[in-house]
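Numbered from 1 within each chain, the chains take letters A, B, ... in sequence-line order.
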Protein chains: 2
Amino acid sequence: MNKTTPPVPRRLLTLRDVSEASGVSEMTVSRVLRNRGDVSDATRERVLEAARRLGYVPNKIAGALASQRVNLVGVVIPSLSNMVFPEVMTGISEVLDDTGLQPVVGVTNYLPEREEAVLYEMLSWRPTGLIIAGLEHSDAGRAMLEASGIPIVEIMDIDGSPVDSAVGISHRRAGRQMAEEILAAGYRHIAFLGTQMPNDHRARKRLEGFEEALAKAGVDLVDREFYSGGSALLKGREMTAAVLNRSPDVDFLYYSNDMIGAGGLLYCLDKGLDVPGKIGLAGFNGVELLDGLPRRLATMDACRLEIGRKAAEIVAGKHQGVIGGEVIELFPTLQPGDTIRRT
Amino acid sequence: MNKTTPPVPRRLLTLRDVSEASGVSEMTVSRVLRNRGDVSDATRERVLEAARRLGYVPNKIAGALASQRVNLVGVVIPSLSNMVFPEVMTGISEVLDDTGLQPVVGVTNYLPEREEAVLYEMLSWRPTGLIIAGLEHSDAGRAMLEASGIPIVEIMDIDGSPVDSAVGISHRRAGRQMAEEILAAGYRHIAFLGTQMPNDHRARKRLEGFEEALAKAGVDLVDREFYSGGSALLKGREMTAAVLNRSPDVDFLYYSNDMIGAGGLLYCLDKGLDVPGKIGLAGFNGVELLDGLPRRLATMDACRLEIGRKAAEIVAGKHQGVIGGEVIELFPTLQPGDTIRRT
DNA sequence: TTGAAAGCGCTAACAA
DNA sequence: TTGTTAGCGCTTTCAA
């Protein structure tokens, strides 16, 4: 079948094989392959040639055990499918790429017990550091983090007490800010549309901040609607239809994320509703998808890229002089777009 | 600060610590923690209690080295941000969750040199198996895969020669099928809009198949437009505007993915064009986003979930009796939606 | 049912 | 600049 396949070894190659093939001690081979210590150019060449010819791939398991060093950074996030975490990952990768550290992703699906299992699994590989979304963990999870002895960075959120370091925004404040903007524009009959996720603490905090600011102005939510599963864009349409039917006097729709907000916007435009005159809309996240919609949905950027970058910097030890335990708050910008009345 | 933090150990715990705390040999502790061999209930309890109390997390590095077994499956994909790979990951996780195997993701950004680096890094952890997108790899990459001695599953595409096993669809055929559908509907002035990505071999093959089928009917592409970077939805609009300006007689727009297709659809609807009467559109992937659009874009489902599942099953050894080297072709369904004329 | 010895493949530390 | 020795923390194997 294969004409030019190099002879498939019956067992995996070890340093010893390269050592024998190059006539140099294992130790020197190890030095060459790690670019460590002084090795003569001649020796280096011999070793590299032999390693290449044999197709040797080092065994990091043995290396890590011997050196007590692992170039892995655990990243624990609730989901990959909602557009926000891929961007966080991008920020993390950007920074780690220069450091020799490798991110390893674990996904929890917003389930505390999954988080615990993922954490246990990750920590058992003794990573150099760990980045984890959110400040809320099970007691056991928190205990593991505390006992891990490595830098822990909790990301996305800063409304709470981190185990070690934290990088994020205040979702409570973000909710408040949006509420204030909406009130300032004169809307008073406001509904909330969000995900049915008891463990999405950030969405919960945004809603709390939102209602708090409304209450301060003597305004209560007129209606609320929750969904779970399915196409967010479609759900946004359906929820919006439901709310507008049930509460015809509503003049503002606050969505817990941009995808359902986009669905709501498309629905309103389909129906020929006057946006933002008769009815305003706002989402959250600042996803780039919004740029292509017929009208720009009001939103707040969640600083995803920057959160990833800063978290990676902390793990990589780039914030020198700090003994850990730093909290970095980022400040999202409110993008009023075209779906909030100008005042 | 912390009232109830368990005493933070100055060094990480080892089996020996649990052994001493429970008065049982390391070997027996190891057995208990792995549920292996016969251990009396009394001993088991003592050990588990001690491990829990100390907050012991096993060191998988040492375990893997000693046992020559690693419960990791490498997954190498080009990108996390385009909606298709998260779904593949979901399929993989679904199957692996029952097997004790853990996926570890590496992202290549469609760069062959990154792929090579990621592969090297992954293989150096001696995973149980490896799932990798695409059939095209650098020579060195292919050599590493062949020498790895583990099950390799190349996914998404079957138009080529796999190193070992493969699960995917024929993108060439998918392109042909869509072309035939479009021709059957009577469209003749067809343009292609896609990504500017020399290393997106699957998009390339779809276009090749597409043009091949057109040629068979004596039809040539009227126009083509490529983009890179930015919001796909917005780019879809811009590209569509450009094509319609440049080639006013175009009656069909074939997009290389659903996101730009969705942008194009929104643009056409904005402009009040008669879709699908005067102009038809089609994308590729079958992303759930499409469900929320004002009109359903024609597309082909890429079988992402199923590809992930099948690949994981192969790696997990669930296809017994097969000695490896199996190729599983899946058959995407063409969803004509509302953007191709009915004939 | 439990324990003791050997060693997985590599690297730290030291010696030559 | 190169080599030797002694583990890293666990599991395999074999003995008790």
J.: Scan residues 35-51 of chain A against DNA chain C and write down, sorted by residue number, each residue with any heavy atom closer than 4.0 Å; if none is found, say none.
T.: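 Result for residues 35-51 of chain A: none.
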J.: Whole angstrom is fine here: how far is it from CG in A:L12 over to C1' in C:dC10?
T.: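 My rounded result for the distance is 14 Å.
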J.: Is it the case that the side chain of B:N71 and the backbone of B:G100 share a donor-acceptor pair, with hydrogens and angles ignored and the cut-off at 3.5 Å?
T.: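 Answer holds: yes.
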J.: Taking the side chain of A:Q68 as heavy atoms from C-beta outward, which of C:dC8, C:dC10, D:dC8 is closest to it?
T.: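 When the side chain of A:Q68 is considered, D:dC8 is the closest of C:dC8, C:dC10, D:dC8.
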J.: More 5' along DNA chain C: B:G23 or A:S67, using each one's nearest nucleotide?
T.: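 Looking at DNA chain C, the more 5' nearest nucleotide goes with B:G23.
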J.: Does this structure show an ion pair linking A:E87 with A:R304, if we count only N-O contacts that are shorter than 4.0 Å?
T.: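 Looking at A:E87 and A:R304, the cut-off is met.
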J.: Would the number of heavy atoms belonging to other residues, nucleotides or ligands and lying under 6.0 Å from CZ of B:R34 be above 12?
T.: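 Atom CZ in B:R34 is packed in, count exceeds 12.
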J.: Just the rounded figure in Å: distance from P of D:dG7 to CD of A:E26.
T.: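 Roughly 18 Å, once rounded to whole Å.
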J.: Minimum heavy-atom separation for B:L123 and B:L145, please, with both atom names.
T.: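 Closest approach of B:L123 to B:L145: CD1-N, 4.5 Å.
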J.: Atom CG of A:L65 and atom P of D:dT11: how far apart are they, to the nearest Å?
T.: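 Computing the A:L65:CG to D:dT11:P distance gives 12 Å.
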J.: Is there a side-chain contact between B:V73 and B:V104, using heavy atoms and a 4.5 Å cut-off?
T.: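 Side-chain contact under 4.5 Å: no.
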J.: If the cut-off is 4.0 Å, is A:T28 near the phosphate of D:dG3, judged by side-chain N/O to OP1 or OP2?
T.: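 Answer yes for this pair, as a side-chain N or O of A:T28 is under 4.0 Å from OP1 or OP2.
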J.: Separation of A:N71 atom CG from C:dC10 atom P, in whole Å?
T.: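 Rounding to the nearest Å, CG of A:N71 and P of C:dC10 are 15 Å apart.
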J.: Would you check if B:S30 and B:L15 make a side-chain contact, meaning some heavy-atom pair closer than 4.5 Å?
T.: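 Answer yes - side chains close enough.
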J.: Would you mind reading off the distance between B:I61 atom CD1 and D:dT11 atom C1', rounded to a whole angstrom?
T.: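 Checked: the CD1 to C1' distance equals 15 Å.
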J.: Which residues within residues 118-128 of chain B lie with some heavy atom under 4.0 Å of an atom in DNA chain D?
T.: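 Correct list: empty, so none.
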J.: Distances under 3.5 Å between protein N/O atoms and the N/O atoms of nucleotides 13-16 of chain C, please, pair by pair.
T.:
none

J.: Is the shortest side-chain N/O distance from B:S25 to OP1 or OP2 of C:dG3 below 4.0 Å?
T.: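 Yes.
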J.: Are B:V163 and B:E154 side-chain neighbours, meaning at least one heavy-atom pair lies under 4.5 Å?
T.: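 Answer yes - side chains close enough.
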J.: Which heavy-atom pair separates B:I155 from B:A311 by the least distance, and what is that distance?
T.: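 Looking at all heavy atoms of both residues, the shortest contact is CG2-CB, 3.5 Å.
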J.: Choosing from C:dG9, C:dG7, C:dG3, which nucleotide comes nearest the side chain of A:A66?
T.: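 Nearest to the side chain of A:A66 among the choices is C:dG9.
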J.: Could you tell me whether the phosphate oxygens of D:dC10, OP1 or OP2, come under 4.0 Å of any side-chain nitrogen or oxygen in B:Y56?
T.: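 B:Y56 to D:dC10 OP1/OP2: side-chain N or O found under 4.0 Å.
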J.: With a 4.5 Å heavy-atom cut-off, do A:V105 and A:I77 have their side chains touching?
T.: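 Yes, their side chains come closer than 4.5 Å.
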J.: What is the minimum heavy-atom distance between A:Y56 and A:L33, and which atoms define it?
T.: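 Nearest heavy atoms, A:Y56 then A:L33: CE2-CD1, 3.4 Å.
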J.: Ignoring backbone atoms, establish whether A:R34 has a side-chain N or O less than 4.0 Å from OP1 or OP2 of C:dT11.
T.: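 Looking at the OP1 and OP2 atoms of C:dT11, one of them is under 4.0 Å from a side-chain N or O of A:R34.
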J.: Which atom names give the shortest non-hydrogen contact between B:V29 and B:S22, and what distance separates them?
T.: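 For B:V29 and B:S22, the tightest heavy-atom pair comes out as CG2-OG, 4.1 Å.
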J.: Round to the nearest Å and state the distance from A:R69 atom CZ to D:dG9 atom P.
T.: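 Distance, rounded to whole Å: 14 Å.
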J.: Figure out the CG/C1' separation between B:N59 and C:dC10, and round it to whole Å.
T.: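 Result: 14 Å.
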J.: With a 4.0 Å limit, can you tell me whether A:S30 has a side-chain N or O closer than that to the phosphate oxygens OP1/OP2 of C:dT11?
T.: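 Answer is yes, contact under 4.0 Å.
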J.: Please determine, for the side chain of A:A62, which listed nucleotide (C:dC10, C:dA12, D:dC10) has the closest atom?
T.: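 Between C:dC10, C:dA12, D:dC10, the one nearest the side chain of A:A62 would be C:dC10.
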J.: Any side-chain heavy-atom pair from B:E116 and B:M144 closer than 4.5 angstrom?
T.: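 Yes, at least one pair of side-chain atoms sits under 4.5 Å.
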J.: Nearest-Å distance, CG (A:L15) to P (C:dA12)?
T.: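 Checked: the CG to P distance equals 12 Å.
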